Amino acid sequence: KDIGKQYPNVYIDTLSYDISKELPQGITMEDNVIIRVCPNMCNFCDDPATCEQLREESKRITDFSKICKQVYVYFYPINWSNLYTAVPSYDAMLYDLRFFAESGVKGVYAEGYSIENSEFGELKAYLMAKLIANPYMSKGEFWYHYNDFLEGYYGDAAENIAEYHKLTKKMIDENMA
């Protein structure tokens, strides 16, 4: 509060990460405070009603948005334990970015797609950039961008890659049920 009075253009940036995940009690967030929520969103689900992890992390973002005007998200939408593991997270990407926008999140940083040889990192970085620019795009528009990138970047392999994504998504969905 005092910093905001003396330096009205300075923001105090803090993380809600790991040991600081709980919503602070008994304090008021000043307008110059940025909470950077680091959620552990589910890479495989796009429905909080069917996924406890997604439900809890979505609630955390919603709760912080109620007490702070400057909520940002810093998240890792990849599998850090094995960067080459199939993670067909395209439906989850669409859900996550739309949810962030609807929750009043001011900005998003998605870390991990720039790592050399991560699983379809170029495709996912491209789609994430498209979603950050327009989180309200339709599913049809999203899948247009997906297919457009596959064809432009992978050329003749595009159909096989799309089929691979469908098969791995089906396998994961069946094993999660």
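On a predicted model such as this, the values are computed, not experimentally measured, just so you know.
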State, with a plain yes or no, whether a side-chain heavy atom of Ser65 is found less than 4.5 Å away from one of Val37.
no
Tell me whether Val87 shares a hydrophobic cluster with Leu167, the cluster being built from Ile, Leu, Val, Met, Phe, Trp, Tyr side chains joined at under 4.5 Å.
no
Taking atom CD of Glu141 as the centre, report whether more than 12 heavy atoms of other residues, nucleotides or ligands fall under 6.0 Å from it.
yes
Restricting to non-hydrogen atoms, name the atom on Asp47 and the atom on Leu54 that form the minimum distance, rounded to 0.1 Å.
N-CD2, 3.6 Å
Determine whether Tyr76 and Tyr72 fall in the same hydrophobic cluster, where Ile, Leu, Val, Met, Phe, Trp and Tyr are linked whenever their side-chain heavy atoms lie under 4.5 Å apart.
no
For the residue pair Lys69 and Glu30, establish whether any side-chain heavy-atom pair is separated by less than 4.5 Å.
no
Hey, does Ser58 have a side-chain heavy atom less than 4.5 Å from the side chain of Tyr95?
yes
I need the Tyr154 OH to Ile161 CD1 distance, nearest 0.5 Å.
5.5 Å
Give the C-alpha distance, both sets of side-chain angles, the deciding distance and a yes or no for side chain to side chain contact (heavy atoms under 4.5 Å, CB included) between Glu119 and Thr85.
CA-CA 7 Å; Glu119 189 256 355; Thr85 300; over 6 Å; no
Begin from the C-alpha positions of His165 and Phe120 and carry the test side chain to side chain contact (heavy atoms under 4.5 Å, CB included) through to its verdict.
CA-CA 10 Å; His165 288 154; Phe120 294 102; 3.3 Å; yes
Inter-residue atom distance Lys130.NZ - Met93.CE, 0.5 Å rounding
12.5 Å
State, with a plain yes or no, whether a side-chain heavy atom of Asp148 is found less than 4.5 Å away from one of Tyr126.
yes
Salt bridge present between Lys59 and Glu56 (N-O < 4.0 angstrom):
no
Does Phe64 reach the side chain of Leu23, with side-chain heavy atoms less than 4.5 Å apart?
yes
Show the numbers, then the answer: is there a side chain to side chain contact (heavy atoms under 4.5 Å, CB included) between Leu127 and His145?
CA-CA 7 Å; Leu127 292 172; His145 291 304; 3.9 Å; yes
Spacing of Ser103 atom OG and Ile61 atom CD1 [to the nearest 0.5 Å]:
6.5 Å
Side chain to side chain contact (heavy atoms under 4.5 Å, CB included) between Leu97 and Phe99, worked out
CA-CA 5 Å; Leu97 273 290; Phe99 172 77; over 6 Å; no
Are any of the side-chain nitrogens in Glu174 or Lys169 under 4.0 Å away from the carboxylate oxygens of its partner?
no
When you look at Tyr146 and Tyr90, which way does the ring-ring contact (aromatic ring centres under 6.0 Å, His included) test go after all the steps?
CA-CA 9 Å; Tyr146 168 88; Tyr90 306 102; 5.2 Å; yes
Got a second to check how far Cys68's SG is from Asp31's CG, nearest 0.5 Å?
8.5 Å
How long is the span from the CG atom in Asn32 to the NZ atom in Lys1, to the nearest 0.5 Å?
11.0 Å
Between the side chain of Ser89 and the main-chain N/O of Ala92, is any donor-acceptor distance below 3.5 Å?
no
Gln53 side-chain N/O to Asn40 backbone N/O, donor-acceptor pair under 3.5 Å
yes
Without hydrogens or angle criteria, can the side chains of Tyr74 and Glu111 be said to hold a donor-acceptor pair below 3.5 Å?
yes
Tyr136, OH atom: more than 12 neighbouring heavy atoms under 6.0 Å
yes
Would a hydrophobic clustering, with Ile, Leu, Val, Met, Phe, Trp and Tyr connected at side-chain separations under 4.5 Å, put Leu123 with Tyr164?
yes
Same apolar cluster: Leu150 and Tyr144, side chain cutoff 4.5 Å:
no
Close side-chain approach of Arg60 and Thr62, heavy atoms under 4.5 Å
no
Which atom pair, heavy atoms only, marks the closest approach of Val33 to Met29?
CG1-SD, 3.9 Å
Do Phe100 and Phe75 come within less than 4.5 Å of each other through their side chains, counting heavy atoms only?
yes
Looking at Ile19, I want to see if its CD1 is surrounded by more than 12 non-hydrogen atoms of other residues, nucleotides or ligands under 6.0 Å.
no
Is there a chain of hydrophobic side chains (I, L, V, M, F, W, Y, each step under 4.5 Å between heavy atoms) that links Ile34 to Ile67?
no
Please check if the side chain of Arg98 supplies one atom and the backbone of Met137 the other of a donor-acceptor pair under 3.5 Å.
yes
Is the closest side-chain heavy-atom distance between Pro77 and Met128 below 4.5 Å?
yes
Enter the distance from Thr168:OG1 to Asp173:CG here, rounded to the nearest 0.5 Å.
9.5 Å
